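What follows is one structure encoded as structure tokens, with my remarks underneath.
Counting starts at 1 for both ligands and their atoms, following the listed order. Since this is a predicted model, take the numbers as computed values, not measurements. Residue numbers start at 1 and run along the sequence shown.
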Amino acid sequence: MIPSAFEYLAPTTLQEAVSLLSTHRDEAMLLAGGHSLLPMMKLRLAAPTYLIDLGRIPDLVYIRESGGRLHIGPMTTHFMIETSDLLRQRLTALSEAAGVIGDVQVRNKGTIGGSMAHADPAADLPAVTQMAEAQFKLLGPKGERMVAAEQFFVDLLTTAVQPDEMLAEIQIPLPPERTGTAYLKVFQKASGFAIVGVAARLTLGADGKTCQAARLGITGVAAKAFRATAVEQALEGKAMDEATIATASEHASDGVEPLSDLHASGEYRLALARVYTKRALLRALTRAQGGTS
Ligand SMILES: Cc1cc2nc3c(=O)[nH]c(=O)nc-3n(C[C@H](O)[C@H](O)[C@H](O)COP(=O)(O)OP(=O)(O)OC[C@H]3O[C@@H](n4cnc5c(N)ncnc54)[C@H](O)[C@@H]3O)c2cc1C
């Protein structure tokens, strides 16, 4: 349970961090909250020669709104997201999801950037970024590029971030008027990770009844968080009531290759995905009707 030897590097600016990363590339790893990386290092599943600590770069911690988007720095902790008034008002599901991650200790140290880059299939926030159609700003030696959430998560523990790049910001378009969002999960009892987690977003038309747009992000079920587009299509243009939502939610598991482990069989995960899709959508509908996001 002792990590292999490494050199600890502590840049104080973003440029310095990117420069260290491009110098050491495959031999280096970034350290954010350490709640996923340090256990992996102790188990020798990760053995970086250089550990680049992002914790001394103050510019990486922020939540702000500008240009019709929410901007979140990668070192922003789960606790900051859970308790942000801005996020609670503008994107309730994100605060809601951050508030049910692990325990207080994990939420105080764990960061949104670390969670995204680690891409654990049972992590909560990836479902929300799928639902919210987030964009990820990646920074490398050649400059920056934006990657959409649907392309960011590539496979189990694998993202679009290249070895000489870092995740520098998460951007989320502000939901339009008459939008409600919600996140619900079934906990894995020991760790709190999601056996199934569903993030839902419903935007109602001017009549306050018809679904103008629906977005669903689901985590815990498959190797990576995914959009349930069949559910979205089954909702859009329809008058929203419980029966329509229940019928559409049956599509949540369409074409999904489920994970199966000692916590839940694949079949059970798929069933939970359908049930929790319905529940999350109903909660999002109530919020959309009540004028909260
Ligand atoms: C007991 C326990 C319970 C947990 N329960 C849950 C849960 O219920 N739900 C949940 O979602 N998560 C849970 N987690 C995981 C937790 O949310 C972690 O905080 C998260 O997965 C990783 O974030 P971190 O800041 O700790 O990143 P780190 O562990 O520091 O890093 C994780 C990975 O991301 C890379 N990385 C970090 N920052 C960047 C960046 N800016 N750019 C590129 N790469 C980067 C690192 O190199 C590393 O590979 C739990 C963890 C523990 C220990």
Atom 21 (O) of ligand 1 - nearest protein heavy atom and its distance: Ser36 OG, 2.8 Å
Thr76, Leu21, Leu125, Asp124: member with heavy atom nearest to atom 9 (N) of ligand 1: Asp124
Close approach, Leu54 and ligand 1, non-hydrogen under 4.0 angstrom: yes
Contact atoms of ligand 1, heavy-atom distance to Leu37 under 4.0 Å: 28 (P), 29 (O), 31 (O)
Any N or O of Lys109 closer than 3.5 Å to N or O of ligand 1: no
Numbered atoms and elements of ligand 1 in range of Met29, under 4.0 angstrom, heavy atoms: 49 (O)
His78 N/O to ligand 1 N/O under 3.5 Å: yes
Short side-chain to backbone donor-acceptor contact, Thr247 and Ala243, under 3.5 Å: yes
Expected output: side-chain Arg215 to main-chain Arg201 donor-acceptor under 3.5 Å: no
N/O separation below 3.5 Å, Gly102 to ligand 1: yes
Exam field: side chain Ser84 to backbone Met80, donor-acceptor pair closer than 3.5 Å: no
Donor-acceptor under 3.5 Å (Thr219 side chain, Ala123 main chain): yes
For Ser191, atoms of ligand 1 separated by under 4.0 Å from a heavy atom: 3 (C), 4 (C), 5 (N)
Phe193-Val221 co-clustered via ILVMFWY side chain contacts under 4.5 Å: no
Proximal ligand 1 atoms for Ala123, defined as those under 4.0 Å from one of its heavy atoms: 10 (C), 11 (O)
Arg88 vs Ser95, side chain to side chain donor-acceptor pair (under 3.5 Å): CA-CA, chis, key distance, verdict: CA-CA 6 Å; Arg88 283 183 173 178; Ser95 297; 4.8 Å; no
N/O separation below 3.5 Å, Gly33 to ligand 1: yes
Backbone of Gly205 reached by a side-chain donor or acceptor of Arg178 within 3.5 Å: yes
Proximal ligand 1 atoms for His35, defined as those under 4.0 Å from one of its heavy atoms: 18 (C), 19 (O), 26 (O), 29 (O), 53 (C)
Nearest option to atom 38 (N) of ligand 1, as decided by whichever heavy atom of Ala32, Ala97, Ala98 sits closest: Ala32
Per-atom contacts of ligand 1 with Gly110, taking only distances under 4.0 Å to non-hydrogen atoms: 19 (O), 25 (O), 26 (O)
Thr76 side chain vs Val61 backbone, donor-acceptor pair below 3.5 Å: no
Polar proximity ligand 1 side, Gly192 side, N/O cut 3.5 Å exclusive: yes
Common cluster, Val161/Ile170, ILVMFWY with side-chain heavy-atom separation under 4.5 Å: yes
Structural part of Leu167 in contact with ligand 1, heavy atom criterion under 4.0 angstrom: both
Check: Glu82 side chain, His78 main-chain N or O, donor-acceptor pair, under 3.5 Å: no
Heavy-atom gap Lys185 to ligand 1 smaller than 4.0 Å: yes
Arg269 (side chain) donor-acceptor with Gly220 (main chain) under 3.5 angstrom: yes
Atom 27 (O) of ligand 1: nearest protein contact (heavy atom, Å): Gly114 CA, 3.4 Å
Salt-bridge criterion met for Glu165 and Lys137 (N-O under 4.0 Å): no
Heavy-atom nearest option to atom 43 (C) of ligand 1, drawn from Leu30, Ile170, Leu139, Thr77: Leu30
Contact check: Leu31 vs ligand 1, nitrogen or oxygen atoms, below 3.5 angstrom: no
Main-chain N/O of Ile218 paired with Arg227 side-chain donor or acceptor, under 3.5 Å: no
Residue, atom name and distance, where the atom is the protein heavy atom closest to atom 28 (P) of ligand 1: Gly34 N, 3.4 Å
Protein residue, atom and distance nearest to atom 4 (C) of ligand 1, heavy-atom basis: Phe193 CE1, 3.5 Å
Salt-bridge present (Arg287, Glu96; N to O < 4.0 Å): yes
N or O contact, Val106 vs ligand 1, cut-off under 3.5 Å: no
Protein contact to atom 36 (N) of ligand 1 [nearest heavy atom, distance to 0.1 Å]: Ala117 CB, 3.6 Å
